[in-house]
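One structure is given below, encoded as structure tokens.
Chain A is the first sequence line, chain B the second, and so forth, proteins listed ahead of strands; every chain is numbered from 1. Worth knowing before you read on, the calculation uses all heavy atoms, side chains too, and leaves out hydrogens, waters and symmetry mates.
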Amino acid sequence: MTPLTAFNLCALALFCMGLYGVLARKNLIAMLIGVELMLNAASLNALAWGRYGLVDPAHAAVSGQILVLFIIGLAAAEAAIALAIILAVHRHRHSVDVDDLDTLEG
Amino acid sequence: MVLDTPTLTRLALAALAAPLCAFAIAGLALRSRPRAAAALVIASGALTALATLAILALADAPIQQVWTWLRVGDTDLGFGVLLDPRSRLMGAVVGVITLLVQIYSTGYMAHDPGRTRFFALLALFEWAMLGFAYAPDLLQAFIFWELVGLASFFLIGFWYDRPEAIAAAKKAFIMTRVGDVAMLIGLVLLFALAGTLDIRESLDRLHSLLQGHGITSLQVEVAAALLFVGVVGKSAQFPLHTWLPDAMAGPTPVSALLHSATMVAAGVFLFARFEELFLLAPLTRSAALLLTAFTALLAALLASVQVDIKRVWAWSSISQLGTMLAGLAAGGLSSGLFHLTTHAAFKALLFLSAGALIHHYGTQDLRALGRAGARRDRLTMLGLLVGAAALAGIPGFAGFASKEAVLTAVHDVPGRAAATGFALLVIGAGFTAYYVGRVAFLLLRPTAAEPHEPTPPDAHGHPPTTAMSASILTLTLITLALAFAGPLVASLLGQPLPELALAHAVPGIAAVALGLAVAVFDFGRKSSAPPLFERVPALHGLLLRGFYVDAIYQRVFVGAARLCARALHFAETRLLDPAADGLARLTLAMGEGTARGQSGQLQRYIGVAALLLACVALWLGFAE
Amino acid sequence: MSAVTLILMVIALLGALVAVSVRDIVHAIFGLAGALLALAALFTTLGSPLVGAMEVLIYVGGISVAMIFAVMLSPHVGRDLRETPARRLGAALIASLLFAGAALAVLSGPAVPDTPEAAGAFDPALVGHALLGDWLLAFEVLSVVLLLAIMGAVIIATREPPAPADAAPAAEEARP
Amino acid sequence: MTALAPELAAAGSAIACFAASMARGPGVPRLTARVGVLGALVTLAAALLALTARAEPLAGVYVVDALSQFLKLGIASGVLVAALAATDSTSLRPSARGDLPTLIHLGALGMMLLSSAVELVTLYVALELSAYALYVLAALHRDQRMGSEGGARYLLFGAAASATTVFGITMLMGHTGTTQLTHLGTAPPPAALLGLALFLSGLLFKLAVFPFHAWAPDAYEAAPHPAATLIGTASKVAAIGILVRVLMAVGHSQLLVHLLLLASVASMTVGNLGALLQRNVKRLLGWSAIAHGGYALIGLVVASERGRAAALFYAVVYVVIGAGPFLVVTALGAGGRNPDRADLQGLARRSPLLAALLLVGMFGLAGIPPTPGFAGKWFLFVAAVERGAFWLVLVAAVNATISLYYYLQLIRDAWTGEVSPDAPPIVLTPSMRLAAVLVLAATALLGAFPGPVWDLAALAAGGSLPQ
């Protein structure tokens, strides 16, 4: 196994664990943790490709890092909005359990 | 005199534009002025009737004029008119009958608060049907076909505060939709096979493609069969027939229109329009012949036991539509369309006169109508009897010539299927005569009140207005005149009516005579002073007075008929109705299931999406 | 691949496992933070110290802490996360199916040639140039996104001012 | 400068609305809404002006071509309708009034950037900009339980989808060695194909098609009506547009065609069945939007230039026919309440204009001629039949037939139902009137003369990416 493949598989495992968190957790914050793991899996993948794989390192390795920087920036923005909405839900429901979000049905 | 092409095209456009404009203006601008709306709609109807009659009488070669609207690749999309003998005949039938029904409605609907809406919808109905009759391409035909369905949906459910009207409208919509879906598939298949939307060109191409082995005969059979399913739905043939009797929940003028020139006639006209396609599909044609002949018999049997006058006519429509379609399936284009024409006149007449009685006496029960003194409405009864005679196929009346033409056409087709169909049709004709006689006797010679008195007549009835009487009288005259229109229709369509040989005609006439005779024995006997009754025993005394004959008749003939009718009724209420309901309910239940799956199960949905992605990944992983 | 890299990967995966499986939400956030720290170290070994530093600053220092705050700000919610086994099993099944399929696809593809490290590529100055060169637009848009996020978070998180007269009480709950 | 006029106009409008919302006083919401309408008008004018502009301001990253300008026109139209709807302050909770126009314009900016982006990182950032704007818009009625819950569900589904997208981007980038769409190549290895599938899931989420559709009815119901209008119209244009661009770049591999086929057929069916029994009008529109996403995908499944043109045409037409019902909902839903079918009863007597709008919109959605909805379906079907996708047309036709049922029911409610005695009178603001008349006129024009727009769509679908 080349290092690149190892990194790819590690990223994939992280992604799937994040997905598991999103699917299995009832708590909205815990679901958000899963999403963050998925995003970080993408970051790891991008950097691994940038370090080992890409054909044109001078340009493309940078594009891996750039992508990760953008992911981090966007994740921060997303987390801010998500946490604000979760707090708003909590104000009404006194709960952050996804199963309790049952006002909208049918 | 023959008009030139531009004039005829303009006439056709005017005939189409008038009802549409009337619908739009009456529906949008005249909502609070019912009299103006009625006047406008009738004026447009008169214009359309005149234009369609002129097109019928003053045209020569087929005309096709299409204005392209959009062009995608090689396929043109446009609006146009096709004026060939078939559409000219159909258009005139639609124009004239609709006008008469509209005039009649001014009296019948005079006290209904929603009559503006009613007249607007009548105009819409006429426009849709005329657009269908004149449609030169598959898509336009389908669109107007759907509009016909839509307009009848609104008209059947016109009294939207009556649950049975809503239910009937829904039933009609859903059941015809079953046929429509099949038909749409058939049309798309036809388009895919022939590569053009133009109806006549597609039929030509189909013919040459079939000969050049560009397509298989199976493909043609499938397309024809799918179209026929559409016909079955629209023309209320077995097994998609149950919506039509329920459609009685609409106002009577609507029934008159629905059963004669529009809606159900659309199915028959579709068959006639695609006659060339059906000629290329012998299997479908035989099946269609058998099915429609069977429907003709079945509906006639059921009509024999109804006490609601509108239901009798409803079942009789199904039966007569079966007869027309059998004629068309036998290749008798002119006999089928001739029967369509005569039927349009006499069925409209029957419904309008029945409506006049209902309007006057406030009941739809035959026995109650008879006891209430229906026979005193002389003009109405005259119209009803002329229509009844035509329906029964009494020689000298309109229905006789056309029905015999159909029977002969079917008889002339070789093969066992046609022979069976012929037999079914003949028996059906006998029962038709029987129930027509029964209605006539119940109205003319009321029996004493039965212990379970049906709903008492409504004291607030209104005698027929002048407009209603005028319509009925006009239709009576038309019906009488149409008895001699056979050769005209035949020469118009370019296909002579089959020769009326004695050998073919005898079974038909005999069946009618037998049916009438049985009706006379069954319903004419108990009356106190029977002038008919005295003449009949002089002819058939022996047969009538014999107790056993009567019993045998009761048991075998009527009993069997009743049994059959009951069995069929059972099959209908317990099997077909639930099946139709079930289909509708299944669709709705699936909708409910889909919506239920939604209940806050965010993760379930993310899970489904992820699962599908996992399948993609697995597939890709293994594919390599 | 060095042993350090391998150990860091294991730490990241273990941290992630803690983050998605423990029952205490605060422990889960600590697990996430651990995984993120390990990832930041991994990023550095991959020649991107700048990104590693950003990861620590923004993710560990920002997002994780914000999550802790959110937990603390929702006093009615216990820290206990309890999921039914069926739910966990279903989620695990889907996640592992995806992993199996994607791993197969990754392993079955043509081997990507292992290029040696290109020393100049990882100079942070290059990243800076790229950000203000090809990705200038994205960079500017990111600033708009951050502005939007601040605005959105403020709007949504602020408590509603007392309802003015025109807010009909009937509209308070759209559905019973 | 002309080339970037629509983006600049959208950004400027957002800033102007933001500035207006910072003012103090009771008239601020009204002022902001008016600035929003003005901005939307300017944006639309800019989109028209820049329709023929062609430029490559950042070569390989951002292009201004026939496709992007066509999409911007559609997006600007949707934004105008949403901005006009936002002037009906009674339909908005007080807490949402000031911020709504700013967010609408920010979302529009994201969608416009999305339609011009041809580089994966830029595309991702633009996608997130429009997505976050919509998340906040969906949660804007946060003083209602429904608002925050709908926002939470939309955001979490969306966050998972966008994480999947970015993971897909890394796989694509790794295997092809580039982030530029044109260099991706049309025959990538399986892992890159998987990356492509993951990447597309984010775009399909935006379009709300199966299996990423479930958020739509929730978000529609929870969002303030003007926000739902934006989500339901302009956002679809951007999603279809970017799908077209990606498919033009990577080609229609077998896998993609199969995936899109599944998405298309399942969306049509699921959407229509879901809408069948809905009584809440906005949820019904949400389900029906899923079905319409499925119809539009037909054009992408058939993988021809005409198919792509048909999909683009359908997306833009959908802005026009979809806007009407949303305006009706806005006018009927005072205080952010969601009207259901009972509220439509007798609409024709209460407000003939709204009833006509509903009628035209429903006819358009049902695809009844001569509405533009019919022309849109027609183009799709012809494109499909040309490529032999006979049964796909059948599925669509059967679905269109099913959909008639619930569309007609709404019309019947509005036109024949009785007005309930306690129904308040409907007061339309001048802007709402303007919006209704604009939508009606656009529907009539597009229905009668779809040719010019079709030509634009064909041009947009045919333009290849600059190499």
Select one option (side chain, backbone, both, neither) describing which atoms of C:Leu93 are under 4.5 Å from chain A's heavy atoms. neither
A:Tyr20 vs C:Ser96, test: side-chain contact (heavy atoms from CB on, under 4.5 Å). Steps then yes/no. CA-CA 9 Å; A:Tyr20 167 81; C:Ser96 45; over 6 Å; no
Between C:Leu39 and chain A, with a heavy-atom cut-off of 4.5 Å, which part of the residue counts as in contact: side chain, backbone, both or neither? side chain
Walk me through whether C:Leu107 and A:Leu9 qualify under side-chain contact (heavy atoms from CB on, under 4.5 Å). CA-CA 9 Å; C:Leu107 292 174; A:Leu9 287 180; 4.2 Å; yes
Measure distances from A:Leu83 to the heavy atoms of chain C and classify the residue's part below 4.5 Å as side chain, backbone, both or neither. side chain
Highest number of heavy-atom pairs under 4.5 Å with chain A: which of C:Leu98, C:Val10, C:Val51? C:Val51
Among A:Leu44, A:Leu32, A:Ile71, which residue has the highest count of heavy-atom pairs closer than 4.5 Å to chain C? A:Leu44
Contact class of A:Ile86 relative to chain C, heavy atoms under 4.5 angstrom: neither
Does the pair C:Leu73 and A:His90 meet the rule for a side-chain contact (heavy atoms from CB on, under 4.5 Å), with working shown? CA-CA 9 Å; C:Leu73 284 173; A:His90 176 260; over 6 Å; no
Using a 4.5 angstrom heavy-atom cutoff, name the option from C:Gly15, C:Ala12, C:Ala19 with the most pairs to chain A. C:Ala19
Could you tell me which of C:Leu89, C:Leu13, C:Ile58, C:Leu17 has the largest number of non-hydrogen atom pairs under 4.5 Å with chain A? C:Leu13
List, one per line, each side-chain donor-acceptor pair under 3.5 Å for residues 60-68 of chain C, sequence neighbours excluded.
unit_1: C:Ser64; atom_1: OG; unit_2: C:Tyr59; atom_2: O; d: 3.3

I need the minimum non-hydrogen distance between A:Ala77 and C:Leu146, along with the two atoms involved. CB-CD2, 3.9 Å
Pairs of heavy atoms under 4.5 Å with chain A: top-ranked of C:Gly90, C:Ala35, C:Ala138: C:Ala138
Given that the side chain runs from C-beta out, which part of A:Ala75 has a heavy atom under 4.5 Å from chain C: side chain, backbone, both or neither? both
More than 12 non-hydrogen atoms from neighbouring residues, nucleotides or ligands closer than 6.0 Å to CZ on C:Phe99, yes or no? yes
